[in-house]
Amino acid sequence: MSSHLMPVHHPLPIVVDRAEGVYVWDQSGRKYLDSFGGLAVCLLGHTHPAVTATLSQQIQRCIHTSNALSHPYQEALAAQLCIRTGLSRAFFNNSGAEAIETALKLARIYGHDRGHAAPAILVFDEGFHGRTLATLSASGFPKGQVGYEPLVGPFPRVPFNDMAAVRAACAADPAIVAILIEPIQGAAGIRIAAPGFLQALRTFCDETGRLLITDEIQCGMGRTGYFLNAQSVGVQPDITVLAKGLANGIPIGACLATEALGMTLTAQRHGSTFGGNPLATAAACTVLSVLESESLIPAAGEKGRYLLQQLHTAFGHHPDLVEIRGQGLMVGLEFSRACTHLPLKALSHGLLLNIANQHTVRLLPALTITHAQIDEMVDCLKNTLS
Ligand SMILES: Cc1ncc(COP(=O)(O)O)c(C=O)c1O
């Protein structure tokens, strides 16, 4: 079939007609279980009735105002997110990468205010932060940087989970004013910060006057059993970034910061035409209230433990399996061989599957998934891998 699209994405050979909960139907009426929820976006499942009701009402009332006018939902969402993150100021964007850009700007302002003409932000191998020029420069995937030089920087990079390397890099470069980390590296194949690593980073940042920025775009919003994954180890970031599941599919990004940092982002320094629009922020307010009313965050922790248990039973002895790892409903199965052929194979078993970093099956189902649907997902995966 001829296409007029730039050949960036290579979607699976089905055309989606509709979706509900953890299921998607193609145009021929075939049903699939969605194991990755639009890449961690459909947090409450596809077309959740409460979100659909909010969107339908809001579309009829007002879709867009621009930030030259105010509406009730942006402040309401900011207040809710500040309560849940322990931070004090919010800025809304339209995507994860844009929200990371906001965080990078805050860190640079912080550095300039402390006399650094070229403030640097320390990042980690295989961290993923987006595809704008600054965020791809901050990401630890060299292949995604080829052809875009000169990269934005400085973003000195060290191995994930290596505190000695963090200390050495910072000792060598006093211009490092902040550390940006994905507490669970999603694109790298669900690599979890080692026990004590986030806490050690927090202590180090406190002792040396550096900022700790957590990218919770994929692992946040309750997916791992805590609103922020960093909360699972009692770590409070100076800045955190959310996107993906925040509005259950309506594009949104949010950068949350402390009072002092947030107040530095003044008029003329930043802005957004669409960011914080009524449609996205009303949807996000509903997502937060459903997370609460249906107790989905603690449930994500419990369902995640059940999922890990079922996966260990089903695949523990698979000859090519390296490791099953995860927290809550963010789980990876790493194989010793590339498994990029599996998503196509999974289709014939009624499963939508995603692979991260060539070797890892990445499961990011909706938080509303039931135990029976978890069993069904594991069965489909078993058939796919047999
Ligand atoms: C951890 C993380 N940060 C940033 C991004 C970029 O978000 P977006 O694709 O919405 O720009 C992603 C997207 O996959 C992500 O997983």
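Ligands are counted one by one from 1 in listed order, and the atoms in each one are counted from 1 as well. Just the heavy atoms: all of them, side chains too, but no hydrogens, waters or symmetry mates, feed the values below.
Looking from atom 2 (C) of ligand 1 to the surrounding protein, the closest heavy atom is Phe128 O, 3.3 Å. Looking at atom 8 (P) of ligand 1, its nearest protein heavy atom turns out to be Gly96 N, 3.5 Å. Nearest protein neighbour of atom 11 (O) of ligand 1, counting heavy atoms only, is Ala97 N, 2.8 Å. The protein heavy-atom contact nearest to atom 9 (O) of ligand 1 is Arg131 NH1, 4.3 Å.
Between Lys31 and Glu20 no salt bridge is recorded (no basic side-chain N to carboxylate O distance below 4.0 Å). Look at Asp238 and Arg202 and you find a salt bridge, because one of the NZ, NE, NH1 or NH2 atoms lies within 4.0 Å of a carboxylate O, short of that distance.
If you check each of His129, Lys244, Gln218 against atom 13 (C) of ligand 1, the one with the closest non-hydrogen atom is Lys244.
Considering only residues two or more places apart in sequence or on other chains, Arg61 meets the side-chain hydrogen bond (donor to acceptor under 3.5 Å, both in side chains) condition with none of them. Remark: Arg325 pairs with Glu323, Glu334 by the salt bridge (Lys or Arg N to Asp or Glu O under 4.0 Å) rule, at least two apart or across chains.
Against a heavy-atom cut-off of under 4.0 Å, Gly130 is close to the following atoms of ligand 1: 4 (C), 6 (C). Near Glu182, meaning under 4.0 Å from any of its heavy atoms, are these atoms of ligand 1: 1 (C).
Taken from CZ in Phe197 to CZ in Phe160, the straight-line distance is 6.5 Å, to the nearest 0.5 Å.
Note on ring orientation: taking the six-membered ring where Trp is involved, the planes of His270 and Phe91 are tilted (angle from 30° to 60°).
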